[in-house]
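Quick notes on the structure that follows.
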Amino acid sequence: MGASSVCANTIQDFEATFSPLPPSVNTRFDQSGSNPPAAWFDGTVDGWDGGYVQLTDAVNSQNNAISINDSTGAGWNTLTLDFDFRGSIGAAGGADGFGILLFPTSLGADTTTAPPNWQPEEPNVAGSFGLGLDTWANGDETGLGDEPASAGGNHTSLHWNGATISSNTTLGSVVPEFLLGNGTSDYIRGQLVLDVTAGTVSLTLDSAQDGIGTNVLTQYNNVPIAGLAADDFRVALRGRTGGANELIQFDNIRATTDTGGVVIDEDFSSAPSTPMQVPAVATGGTAYTVETIAGTPATLVTEGANTEHGAGVEPGALRLTTEAGDQRNIVSFDQTSIESGIITGSFELRGISNEASRADGLGFLLVDAATYGTTGSVGDNSIEEGGLADAFGIGFDTYKSGGDDVLDDDAGNYGNHISIRYDGNLLGVVNIDETDPAAFDIVNGEFNTVDFTLTEVAGGYELDLTVTDGTDGSVSTIYDDFFIPGMDFDGGARAVFSARTGGAFDEYSLDNVNILFAVPEPGSASLLGLTVGALLLRRRRK
């Protein structure tokens, strides 16, 4: 297994207090307690090799974890885990601590499953191995004398299968560079070795970082652990603060086994084009460019400023058009990843019509950055039909123009259909009869959630697309296993939304954009048959 591929979300909810998701699809970030959550940072500023993760900031009441999705595999004899960390205590003194957990994939094997909740400095989890790095003297909690006041809240502990095996308080009295929260720009390198053949665990800490091991402290040397198993482990890191606090950062998580070589290699060095912990625009999240082609510009609205149509705005949204004629606005998001093997996303759209007629529609595109660049506007030809070259488009059309294309996309409906295009070509249309009370209406006055998945397969992509009706929560399956031939994104993809009105008009708003670009698992691609044309709309109730 090679180095992990780092991907990123395109994410924006158009509110000033937005807390973005982390950039790496290979790393899951989880939070309990108060903000700020764990975050990714550019390491070049602080001297690390390109990037690192921060578990806690120097504020109180945090409890944050990250977990690596890659796993070690089972059946090894020795597992070596290398890691770098550094800490800086807050003004109130360092607390509470942090830790590393090796938990079996049976407790959480994929990106959708978090590891069990665990106390960072006392990682006692069934079936798991834990290393505790404690920075606060709470007293003897385990019966092993692990937290005497003399240790100064600065010690390590070993944990297996829900129990504390050993505790070492020597860090409380050694040289300052081995203080877990030493407050300097230097980091400590740890190496943990699990030997299931001998049934032992060893830990060394190296503060010199000179490559020759001149300042190495052996914390544990072949400590026996009964029942130690060679499971398929994932790696999780967790840190917490309480009434006192500390800043905790990690980098260079690398696991090697005697049977598989390097099985986990995460150095957090690859960054999205817009680092998400430092939003490039005042509204937070991924940076975007708004271009007004005609009429009233797109505007950010909040519940207070959008009193006429405030329901569902929580608390911000981007209004692309108002209920007026001859408007054309486009919002183009910066690229956040070069990966495009699997693209999953959701966004919320709302159409409002208080007039007798309605038009024209809203469109969503994924454009190839090799053609359109990584930032800025993509141009004018991307409204509800999404007919751009080197682009995938979903059109939400609300005006009956007549059957003016090969699939007769306006036949038998009232300007209420959803279409699919690639490279300027219309591939599929779903016509929805808005006169049917049970049918989904694009212009229903509520925020409706669009969910999609694009999976790269042999010869193109496969699309799944659903819409959740904001009026009643029902879910419409618009496309299922729909094959898009020849589609690729040579330079990676980025997201674009657009809307327009004409002689008739609607108000269109956009909210809660969350698009994740990922790498498919090996062997997941399959050859699918080509299906071109209108698909039947299938509707189910939640």
Side-chain angles (χ1 to χ4, degrees), residues 1-6 24-29 38 40 48-53 55 65-85 98-111 113-116 118 120 123 125 127-133 156 158-161 187-206 209 216 219-220 222-223 225 228-239 249-270 519 521-522:
M1 185 180 298
S4 303
S5 178
V6 178
S24 175
V25 72
N26 193 58
T27 304
R28 178 190 172 100
F29 285 54
W40 177 94
W48 277 7
D49 56 350
Y52 61 90
V53 290
L55 295 180
I66 72 167
S67 53
I68 310 299
N69 297 329
D70 291 340
S71 60
T72 63
W76 41 269
N77 299 301
T78 59
L79 168 65
T80 301
L81 180 70
D82 293 291
F83 56 94
D84 297 341
F85 67 93
F98 49 105
I100 299 174
L101 186 71
L102 299 177
F103 66 103
T105 55
S106 59
L107 297 180
D110 53 42
T111 60
T113 307
W118 48 289
V125 178
S128 304
F129 175 84
L131 170 65
L133 300 147
T156 62
L158 301 179
H159 306 258
W160 169 248
N161 197 24
Y187 59 90
I188 297 173
R189 172 157 293 167
Q191 185 176 86
L192 187 68
V193 179
L194 280 63
D195 186 336
V196 294
T197 302
T200 61
V201 174
S202 300
L203 172 68
T204 57
L205 300 175
D206 179 1
Q209 303 305 316
V216 175
Q219 274 283 278
Y220 300 97
N222 295 323
V223 174
I225 297 187
L228 183 64
D231 284 331
D232 183 25
F233 287 126
R234 286 174 60 197
V235 178
L237 313 172
R238 195 175 193 101
Q249 299 163 340
F250 270 85
D251 198 5
N252 299 323
I253 310 300
R254 184 181 177 93
T256 307
T257 64
D258 62 318
T259 56
V262 177
V263 291
I264 297 174
D265 194 353
E266 179 61 88
D267 64 3
F268 307 105
S269 60
S270 298
V519 181
E521 293 295 329

Do [X] and [Y] come close enough that some side-chain heavy atom pair is under 4.5 Å?
X	Y	result
Thr256	Leu79	no
Leu158	Phe129	yes
Asp251	Phe85	no
Leu101	Val235	no
Thr204	Gln219	no

About how many Å separate [atom2] of [Y] and [atom1] of [X], when rounded to the nearest 0.5 Å?
X	Y	atom1	atom2	result
Phe103	Trp118	CZ	CH2	9.0 Å
Asp232	Thr105	CG	OG1	4.0 Å
Ile100	Leu133	CD1	CG	6.0 Å
Leu194	Thr257	CG	OG1	12.0 Å
Glu266	Asn69	CD	CG	9.5 Å
Leu55	Leu237	CG	CG	6.0 Å

Flag the pair Arg189 and Asp84 as a salt bridge only when some basic side-chain nitrogen lies within less than 4.0 angstrom of an acidic carboxylate oxygen.
yes
Nearest non-hydrogen partners of [X] and [Y], listed with the distance:
X	Y	value
Gly127	Asn161	N-OD1, 2.7 Å
Ser71	Arg234	CB-CG, 3.9 Å
Leu203	Phe83	CD1-CZ, 4.3 Å
Tyr220	Val201	CB-O, 4.2 Å
Ile66	Ala38	CG2-CB, 4.0 Å
Leu107	Ser128	CD1-OG, 3.9 Å

[X] side chain to [Y] main-chain N or O, any donor-acceptor pair under 3.5 Å?
X	Y	answer
Thr72	Phe233	yes
Asp82	Gln191	no
Thr200	Val223	no

For Asp258 and Asn77: C-alpha separation, side-chain torsions, deciding distance, then whether side chain to side chain donor-acceptor pair (under 3.5 Å) applies.
CA-CA 6 Å; Asp258 62 318; Asn77 299 301; 2.8 Å; yes
Option passing side chain to side chain contact (heavy atoms under 4.5 Å, CB included) with Trp76 (candidates Asp195, Val196, Thr197)
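The residue from Asp195, Val196, Thr197 that satisfies side chain to side chain contact (heavy atoms under 4.5 Å, CB included) with Trp76 turns out to be Val196.
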